[in-house]
Amino acid sequence: MRIALFSSQNYEVPFFKQAIEPFSALEFCFINESLNPNTVALCQGYDAICVFVNDIVNADVIATLKEYNIKTIALRCAGFNNVDIKAATASNIDVVRVPAYSPEAVAEHCIALMLTLSRKTHKAYNRVREDNFDLNGLLGFNIYNKTVGVVGCGKIGQALVSILNGFGANVLVYDPNIGEGPYTLVSLDILLAQSDIISLHCPLNEHTYHIIDDAAFAKMKPGVMLINTSRGALLDSKACISALKSKQLGYLGLDVYEQESELFFKNHSEEIIQDDIFSRLVSFPNVLVTGHQGFFTKEALKQIATVTCENLNAARVGKPLLNKVE
Ligand code: NAI
């Protein structure tokens, strides 16, 4: 089975080379380009494709994949909002994914964002390197006894809840699909109104697009901290800018961004960023952005490569696809 792996990065290649060892019939071609309607021609001659979060697998791309007789799309991530599942099903193309690859990696990254924003360790690091030991401007707050709202409590949300309980936080959860647990289940409105910190862990779909908009900010406590490590379009970025300017939003930690496909996973340091909304966001002193690195631990990369190879091999030999997206 020949597989075109798009958006390939140097750091993941060794993990795939190791994971492929038990599967001699699989053969990866690592392609740096991302997949989109302009690059889909690169898929010709392959049996399957392997894509990541910012590859665009829309109906047009899928129509071409069908023409090329490609039978499997293997997502090497959990989210699948970038794939038109209906179009793939209609074209008889299976879509498989890696449903969990260290949810703890993302949950721990959330905590890194929360603590950095609160305790300003990024600023302290720079100050101390210049022999500046002044504490003015570095005042933080405890997570202990704070109310933290978790929107979406699946694998990552649950891992975060465990950590937050360890901190001694009062954890509220809004998730329409789960039952009792080590948290207080509340409506979204109550979560927004009562939380000192809000962290988003629901998938992006038609119900959750811009779940945090101007109206949601108006319901929050003034000075609230908001963390998004899920998908960029859960947040209305313009509403974030207004809320930051009015100080309704006191801290913003992002690992994802609505228009991240233009920016993330590449070095743009020699260019002029054309996205004014992004540039405005990163200009605030109380905003911390990381470039979709929540998943980026050795443990998670190993799991991604292993499960992706297992998914592709199952498709090759016609075994049941345990990680198929329906
Ligand atoms: P999951 O499927 O285990 O959990 C999602 C939870 O959200 C479920 O419990 C579901 O009931 C809930 N949910 C669905 N609709 C909701 C709504 N309208 N409001 C509130 N909750 C809702 O997914 P998992 O593994 O926890 O991942 C969550 C998201 O994290 C993924 O969709 C993905 O977008 C993102 N992610 C980000 C990564 C990163 O590197 N930053 C890495 C992996 C995932």
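Order of listing sets the numbers, starting from 1, for every ligand and every atom in it.
- Near P176, meaning under 4.0 Å from any of its heavy atoms, are these atoms of ligand 1: 16 (C), 17 (C), 19 (N), 20 (C), 21 (N), 22 (C).
- Of the N and O atoms on the side chains of N313 and R316, at least one donor lies less than 3.5 Å from an acceptor on the other residue.
- Taking every non-hydrogen atom of Y101 and a distance limit under 4.0 Å, the qualifying atoms of ligand 1 come out as 42 (C), 43 (C).
- Of the listed residues (P203, C77, A100, C110), the one carrying the non-hydrogen atom nearest atom 13 (N) of ligand 1 is P203.
- Close approach of ligand 1 to T208 is summarised as follows: ligand atoms under 4.0 Å from at least one heavy atom of the residue are 17 (C), 18 (N).
- The atoms of ligand 1 that sit less than 4.0 Å from any heavy atom of C202 are 7 (O), 13 (N), 16 (C), 20 (C), 21 (N), 22 (C).
- The contact set between ligand 1 and N177, taken as ligand atoms under 4.0 Å from a residue heavy atom, comprises 10 (C), 11 (O), 14 (C).
- The two atoms that bring S118 and F141 nearest to each other are OG-O, 3.0 Å, heavy atoms only.
- Neither side chain, N165 nor S162, offers a donor N or O lying under 3.5 Å from an acceptor on the other.
- V171 is not connected to I198 by any chain of hydrophobic side-chain contacts under 4.5 Å among Ile, Leu, Val, Met, Phe, Trp and Tyr, and they are in different clusters.
- For ligand 1, the atoms closer than 4.0 angstrom to any heavy atom of R231 are 33 (C), 34 (O), 35 (C), 36 (N), 37 (C).
- More than 12 heavy-atom neighbours from other residues, nucleotides or ligands sit within 6.0 angstrom of NZ on K221.
- Comparing H109, K155, H292, H207 against atom 39 (C) of ligand 1, the shortest heavy-atom distance belongs to H292.
- Under the 3.5 Å distance criterion, with hydrogens and angles disregarded, a donor-acceptor pair is assigned to the side chains of D134 and N136.
- For the residue pair D255 / T290, a side-chain donor-acceptor distance below 3.5 Å is found, with atom types taken as modelled.
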Check: Going through the checks in order, is the side chain to side chain contact (heavy atoms under 4.5 Å, CB included) test met by L188 and V151?
Finding: CA-CA 8 Å; L188 182 60; V151 179; 4.1 Å; yes
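- In this structure, Y46 has its ring center no closer than 6.0 Å to that of F6.
- For S237 and E258, the side-chain atoms include at least one donor-acceptor pair closer than 3.5 Å.
- Those atoms of ligand 1 that come under 4.0 Å of a heavy atom in G294, given as number and element, are 40 (O).
- Protein heavy atom nearest atom 12 (C) of ligand 1, with residue, atom name and distance: D175 OD2, 3.1 Å.
- Annotation: atom 31 (C) of ligand 1 to nearest protein heavy atom, S230 OG, 4.1 Å.
- In this structure, of G157, A159, G154, the residue bringing a heavy atom nearest to atom 4 (O) of ligand 1 is G154.
- Protein heavy atom at the shortest distance from atom 28 (C) of ligand 1 is H201 O, 3.3 Å.
- Counting protein heavy atoms only, atom 27 (O) of ligand 1 is closest to I156 CD1, 3.4 Å.
- Considering only non-hydrogen protein atoms, atom 40 (O) of ligand 1 sits nearest to F295 N, 3.0 Å.
- Numbered from 1 in the order shown, with element, the atoms of ligand 1 that lie under 4.0 Å from a heavy atom of D255 read 39 (C), 40 (O), 41 (N).
- Nearest protein heavy-atom contact of atom 37 (C) of ligand 1 is T229 O, 3.1 Å.
- Distance from atom 19 (N) of ligand 1 to its nearest protein heavy atom, with residue and atom name: Y174 CE2, 3.3 Å.
- Surrounding OH of Y125 are at most 12 heavy atoms belonging to other residues, nucleotides or ligands under 6.0 Å away.
- In terms of protein heavy atoms, atom 21 (N) of ligand 1 is closest to G152 CA, 3.3 Å.
- Between the side chains of N267 and S269, a donor-acceptor pair is found at a separation under 3.5 Å.
- Within a 6.0 Å sphere centred on NZ of K298, heavy atoms belonging to other residues, nucleotides or ligands number 12 at most.
- Under 4.0 Å from ligand 1, not a single heavy atom of A105 appears.
- If you look at V106 next to ligand 1, the close heavy atoms, those under 4.0 Å, all belong to the side chain.
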